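Some notes on the structure that comes next.
All figures in this text were calculated on a predicted structure; none of them were measured in a lab.
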Amino acid sequence: MWWRRTLSRSCRCCLGCGRSGAKGIWSLRTRRVCSAPALPAGRITALQALDVWKRHFEEKGVTEPEHSSQYIIAHLLGAKTIESVEQQRLTQFLSKEKTEQVWQLCTRRLSRMPVQYVIEEWDFRDLTLKLRPPVFIPRPETEELVELVLTDLQRHPGAAETRRQTCLEVGCGSGAVSLSLLKSLPQLEAFALDRSQDAVDLSRENALRLGLQDRLKVYHMDVIKDTERMLGLFSSISALVSNPPYLFSEDMATLEPEILRFEDHAALDGGEDGLNVIRQILALAPDFLSDRGRVYLEVDPRHPPLVRRWTEDNVEGLRYAKTRHDASGRPRFCILQKEESHKDPDQD
């Protein structure tokens with residue numbers, strides 16, 4: 001599906017996905033006029049509604065017209081996918097109320113609103129997360145980032161015998177990464193922060209819905225502006241994980257309409273070389289991590305050699321451990337490790 005493709009050599013693409021922010025921009029988007037087809041005069045089946053909206057999305061240039069209509073109508077029928085809906089239900093007439101709901105939600109998609117915002121939820125690994133603008137919609141690549149962290153923490157469970165393992169997530173969005181780690185690791189405690197109050201509120205809401213609120217503390221903080229406060233809160237962290245803004249500024253103009261209209265540009269734009277936030281995370285990491293604790297970053301495929309060089313030149317006590325590729329074969333993840341206070345020749 002198209003949200004698994006990459007744009008501008010990065011992976012910030014989703015089925016009309018997005019990070020959003022400034023309320024002024026959001027108000028502008030909601031005023032965008034869309035030409036929806038007229039409500040049918042008579043009764044209509046779900047299959048007929050699917051056909052109407054697929055063709056209308058095609059005519060209006062909406063990306064992935066078939067999948068867009070399928071996700072929305074499946075959601076209104078109480079299912080995740082159209083394939084999981086019984087054929088009999090698809091051929092039954094929709095109620096007037098249900099037909100109006102189809103038209104309302106599909107009209108939102110017609111404005112190029114991401115499907116995840118339209119149906120207000122999305123699956124991330126084994127979690128179903130509530131989503132709403134302006135909070136970042138997690139991408140499939142970030143599921144791979146979680147797997148990398150899980151593999152390492154499960155490989156070295158010894159710390160749990162003397163103290164609980166801890167994770168710090170910088171830029172938590174909907175809470176997808178931290179909550180997924182917590183669900184898989186009962187011994188883990190997580191801290192998460194985001195510069196957006198909307199993201200902080202949604203992460204807390206998702207934690208409460210999933211029953212994980214006792215092991216997740218979420219802070220409204222900016223990793224660049226709130227350094228002193230962070231240094232007073234976090235120490236001896238087992239894993240520092242982040243999917244930060246990493247697009248090169250020059251790539252912003254090439255993004256799809258869904259992203260340009262519905263994403264907070266500040267949450268996507270990593271600066272001239274895409275490393276503005278990443279450099280700050282790396283500079284602070286030795287102060288937060290326990291000995292041999294690790295940093296896990298999702299980055300642009302151009303970043304791994306830049307990250308390695310910058311760390312070697314500027315950060316004492318943190319070494320570049322490895323680069324991992326995503327499912328499409330792109331160098332997507334950087335893993336770094338804090339050196340032990342008393343160096344052990346067997347670093348790995």
Side-chain angles (χ1 to χ4, degrees), residues 1-7 11-20 25-124 128-140 174 255-263:
M1 294 183 185
W2 84 274
W3 68 91
R4 293 183 183 272
R5 296 201 309 261
T6 58
L7 291 176
C11 251
R12 290 297 190 190
C13 171
C14 219
L15 184 64
C17 56
R19 273 184 180 171
S20 316
I25 298 175
W26 175 249
S27 299
L28 217 84
R29 294 164 186 150
T30 56
R31 290 197 298 267
R32 187 175 295 274
V33 177
C34 300
S35 176
L39 271 167
R43 301 184 72 185
I44 188 172
T45 68
L47 282 178
Q48 289 170 331
L50 280 167
D51 184 60
V52 167
W53 277 103
K54 175 191 171 185
R55 286 188 286 106
H56 197 72
F57 286 151
E58 287 173 344
E59 291 170 7
K60 299 300 180 180
V62 174
T63 314
E64 287 290 345
E66 185 172 16
H67 286 120
S68 294
S69 57
Q70 286 179 351
Y71 273 116
I72 292 168
I73 291 174
H75 172 74
L76 289 173
L77 295 176
K80 294 286 186 182
T81 65
I82 207 70
E83 291 79 12
S84 63
V85 181
E86 293 178 2
Q87 188 67 24
Q88 182 181 357
R89 291 196 66 197
L90 293 175
T91 55
Q92 289 175 344
F93 287 117
L94 297 171
S95 66
K96 180 181 177 182
E97 179 185 21
K98 192 67 71 176
T99 302
E100 289 174 349
Q101 290 175 342
V102 170
W103 254 248
Q104 180 185 39
L105 296 191
C106 285
T107 299
R108 292 181 190 171
R109 177 66 185 126
L110 195 58
S111 74
R112 306 299 287 266
M113 176 184 278
V115 165
Q116 292 91 334
Y117 289 161
V118 172
I119 66 175
E120 299 183 347
E121 67 178 30
W122 202 246
D123 287 352
F124 182 86
T128 298
L129 299 168
K130 294 296 291 182
L131 290 174
R132 58 175 175 262
V135 182
F136 177 60
I137 298 168
R139 274 67 163 177
S174 63
L255 299 177
E256 294 280 357
E258 280 84 356
I259 300 175
L260 286 172
R261 293 177 191 172
F262 289 89
E263 303 254 5

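- Considering every non-hydrogen atom in both T63 and S68, the closest pair reads O-OG, 3.4 Å.
- At most 12 non-hydrogen atoms from other residues, nucleotides or ligands lie less than 6.0 angstrom from CD of E86.
- Pairing each heavy atom of L94 with each of A46, the nearest pair is CG-N, 3.9 Å.
- Here the shortest heavy-atom pairing between L76 and K98 reads O-NZ, 3.0 Å.
- Judged purely by atom type and a 3.5 angstrom limit, R112 has no side-chain atom pairing as donor or acceptor with the backbone of L110.
- Taken to the nearest 0.5 Å, the CZ atom of R55 stands 13.0 Å off from the CD atom of E66.
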| said: Let's go through V52 and I44 carefully: what are the C-alpha distance in whole Å and the side-chain angles of both, what is the deciding distance for side-chain contact (heavy atoms from CB on, under 4.5 Å) to 0.1 Å, and is it a yes or a no? | reply: CA-CA 10 Å; V52 167; I44 188 172; 4.3 Å; yes

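- Each of W53, Y117, W122 was compared with Y71 under the ring-ring contact (aromatic ring centres under 6.0 Å, His included) criterion, and only W122 meets it.
- P138 has its side chain within reach of L131: a pair of non-hydrogen atoms, C-beta onward, lies under 4.5 Å apart.
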| message | For T81 and Q70: C-alpha separation, side-chain torsions, deciding distance, then whether side-chain contact (heavy atoms from CB on, under 4.5 Å) applies. | response | CA-CA 7 Å; T81 65; Q70 286 179 351; over 6 Å; no

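- With rounding to the nearest 0.5 Å, the separation of CD in Q101 from SG in C106 is 11.5 Å.
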| Which is it for L47 and Q87 under the side-chain contact (heavy atoms from CB on, under 4.5 Å) test, yes or no, and what are the steps along the way? | CA-CA 9 Å; L47 282 178; Q87 188 67 24; 3.7 Å; yes

| From CA spacing to verdict: side-chain contact (heavy atoms from CB on, under 4.5 Å), E121, K80 | CA-CA 10 Å; E121 67 178 30; K80 294 286 186 182; 3.8 Å; yes

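- If you take CZ on R109 and NE2 on H56, they are separated by 13.0 Å, rounding to the nearest 0.5 Å.
- Shown here for P65 and E58, the closest heavy-atom pair between the two residues is CG-CG, 3.4 Å.
- The distance from the CD1 atom of I73 to the CD1 atom of I119 is 12.5 Å, given to the nearest 0.5 Å.
- The minimum heavy-atom distance between R89 and V85, with the atom names listed, is CB-CG1, 3.9 Å.
- The two residues W103 and P37 make their nearest non-hydrogen contact at NE1-O, 2.8 Å.
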